[in-house]
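Report on the structure given below.
Every number for a ligand or one of its atoms is a count from 1 in the order of the listing. The structure presented is a predicted model; accordingly, all values stated were derived computationally and were not measured.
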Amino acid sequence: MQSAYKRRDTLISLRRKLHRAEAKWQEAEAELKTAREAADLAGLAQTKFLAMMSHEIRTPLNGIIGMAALMLDSTEEQKQAGEDRHSLGVIMQSGEHLLQLLNDILDVTRLESGQFRLEETAFDVRTTISSAVSLMQPQVQRKGLKLSLSFTDDVPLRAGGDAGRLRQILLNLIGNAAKFTETGSVSVAVSRLGYTDGTVRLECRVSDTGIGIAPESLSRIFEEFTQADTSIARRFGGSGLGLAISRRLVAEMGGTLTAESVQGQGSVFRFDIQLRARRASDLAVTNLSGSEPASIVSTVAVKLTPKRVLVAEDNATNRLVVTRMLERLGHSVETVTNGREAVEAVQTGTYDVVLMDVMMPEMDGLQATMAIRALLSAKAHLPIIGLTANAEPSDALACRQAGMNGFATKPISSERLSQAMHAALAPMQAPEPAIDPQQPLPYAGENRLFDPAVLDQLVMRSGKAEASSAIADFIEHSTAAISRQHLGATVPDARAIAATAASFGLMRAARMGLDLTDCASADALAVFTQVLSQSVEELRSWRRLTLL
Ligand code: ADP
């Protein structure tokens with residue numbers, strides 16, 4: 001009997017303990033929830049704060065870099081003495097360095113606070129990687145290093161993913177390889193690891209023959225603000241953020257970034273990423289359809305005929321920088337200082353294109369664009385280019401959604417400005433479509449700028465040596481046409497080039513050239529010349545990297 005009482009008491013005491021423990025657990029859970037919500041809010045506030053600061057810092061930087069670039073240009077013209085040019089060069093470099101730092105800090109914060117989102121578009125994998133590599137070519141060449149790129153045959157032509165971020169990772173790794181290598185080579189090798197259920201997994205390796213990394217530093221270099229040895233910042237510059245960002249970006253893309261290195265012999269950085277490939281044909285190298293990558297680097301600036309440009313910008317320095325740049329490019333400029341004035345000016349004046357700052361008092365650039373698009377006259381279709389100091393991907397989307405034809409990020413340069421104008425004024429440049437996960441990847445047919453798969457076939461058919469010399473002839477012929485009396489290609493040039501351009505992968509130039517009529521306007525020829533020179537540059541770097 002006594003033992004039954006004892007058991008009951010023990011049971012009651014245990015139950016009480018359980019209740020107390022449960023209450024404590026619930027209390028702790030509630031506290032954790034509040035703390036998590038507070039942390040999320042703090043993360044969001046931090047990201048918003050940084051995005052605003054970035055905008056505020058970018059605006060004066062635009063003035064510094066833009067003015068320095070203009071002065072460098074004019075000292076070039078006047079052949080002024082070396083010291084001034086040197087000082088201006090230092091201002092430019094420091095400005096650009098500061099800008100890089102700003103971008104890196106923004107990325108780190110977004111990635112850490114969970115506010116980071118990858119963009120997903122259909123892109124040309126091979127061309128995106130090739131153009132990242134060719135962008136680094138001058139830097140690598142300046143040091144006397146050899147740069148090579150190779151793809152295994154099974155690397156897909158097209159896939160869905162964030163082309164910009166893939167490019168960013170590659171630029172960081174190739175940039176490091178070039179920075180830490182004095183003699184020898186830098187090579188990039190891309191292969192396919194597998195394909196399952198609509199997902200393709202790619203591997204990229206960036207190898208160099210540089211100074212290498214000590215074993216004890218190998219794991220630390222992926223931490224923020226960390227460099228392999230403390231003298232590096234002084235010797236080579238850099239902030240120690242690049243690898244930390246790249247590793248996180250790779251993780252966002254479903255892969256890992258690792259490094260192997262032997263001190264004094266070189267390093268290999270390797271990463272894998274997952275991309276979406278919805279059609280079996282996306283994986284076939286022989287498939288020729290597709291659209292251009294998100295951005296193609298052009299080194300040739302072809303002049304547009306003079307345009308009447310309306311600039312809407314509230315910041316006086318930036319207004320001056322943009323106006324001077326446009327005037328130097330031969331355009332005439334009128335300026336207004338907010339969106340409301342821009343809408344009024346469009347209604348009363350005559351312009352070919354509007355450059356519209358996004359953030360302005362009274363009426364911002366997005367609202368002004370929507371107001372212009374709602375006009376009941378032909379002016380509703382006026383090309384509008386957004387100028388934005390915000391580097392967020394969502395800003396690009398907002399510009400497009402408001403009805404802008406394109407946008408350029410500050411600090412603006414003459415090249416970027418004229419490229420944005422060309423793109424907005426060229427009738428066939430459509431924005432890269434966002435991917436709807438339910439739909440197959442979109443195709444833009446022959447509109448692709450450069451298709452290296454055509455050249456792979458050419459090499460297979462005729463052998464490396466013959467293909468290389470045929471390509472060299474074509475490049476020589478086209479380059480002569482591009483610079484014909486400094487005026488660009490003529491209609492007969494365009495026709496002659498178009499007849500063979502597709503055989504060298506210049507799909508868009510081929511189509512545009514064949515479409516030109518005898519009485520094609522100077523603008524149509526300028527756009528053709530621009531497209532041709534961009535694609536010839538692509539072809540030239542492809543030949544250099546693949547055949548030489
Ligand atoms: P940063 O290059 O701006 O210093 P990173 O995060 O890109 O920052 O690189 C961190 C460090 O890793 C570098 O400072 C360097 O010590 C080391 N490192 C990166 N890549 C290489 C390489 N290819 N060869 C030798 N050391 C490297």
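Residue contacts with ligand 1: L243 is placed with a nitrogen or oxygen under 3.5 Å of a nitrogen or oxygen of the ligand (distance criterion only).
For ligand 1, the atoms lying closer than 4.0 Å to a non-hydrogen atom of K179 are 1 (P), 2 (O), 3 (O). Applying the 4.0 Å criterion to heavy atoms of G212 picks out, from ligand 1, the atoms 25 (C). In summary, the atoms of ligand 1 found under 4.0 Å from a heavy atom of L241, numbered by their order in the structure, are 6 (O), 8 (O). Heavy-atom proximity to G242, at under 4.0 Å, picks out these atoms of ligand 1: 5 (P), 6 (O), 7 (O), 8 (O). Near I221, with a cut-off below 4.0 Å to any heavy atom, the atoms of ligand 1 are 10 (C), 11 (C), 12 (O), 17 (C). Within ligand 1, counting atoms from 1 as listed, the ones closer than 4.0 Å to a heavy atom of N176 are 2 (O), 5 (P), 7 (O), 9 (O), 19 (C), 20 (N), 23 (N). Short contacts between ligand 1 and A177, defined as distances under 4.0 Å to a heavy atom of the residue, involve ligand atoms 23 (N). Taking every heavy atom of I213 and a limit of under 4.0 angstrom, the matching atoms of ligand 1 come to 25 (C), 26 (N), 27 (C).
The line from CG of L506 to CZ of F450 is 7.0 Å long, rounded to the nearest 0.5 Å. Note that CZ of F116 and CZ of R248 are 11.0 Å apart. Values are rounded to the nearest 0.5 Å. T258 contributes atom OG1, which lies 6.5 Å from atom CD of E260 (distance to the nearest 0.5 angstrom). Between atom CD1 of residue I221 and atom OG of residue S267 there is a gap of 7.5 Å, rounded to the nearest 0.5 Å.
Using a 4.0 Å cut-off between heavy atoms, T181 makes no contact with ligand 1 at all. Looking at L173 against ligand 1, nothing comes within 4.0 Å, counting heavy atoms. At a heavy-atom cutoff of 4.0 Å, ligand 1 is contacted by no atom of F222, backbone or side chain.
A side-chain donor from one of Q168 and R165 sits under 3.5 Å from a side-chain acceptor of the other. With no hydrogens or angles considered, no side-chain donor-acceptor pair links T152 and S191 at under 3.5 Å. Counting only N and O atoms by type, the side chains of R167 and T128 include no donor and acceptor under 3.5 Å apart.
At least one heavy atom of S267 sits under 4.0 Å from some atom of ligand 1.
Looking only at side-chain heavy atoms (C-beta outward), I105 and T109 come within less than 4.5 Å of each other. A heavy-atom distance below 4.5 Å is found between the side chains of E252 and L111.
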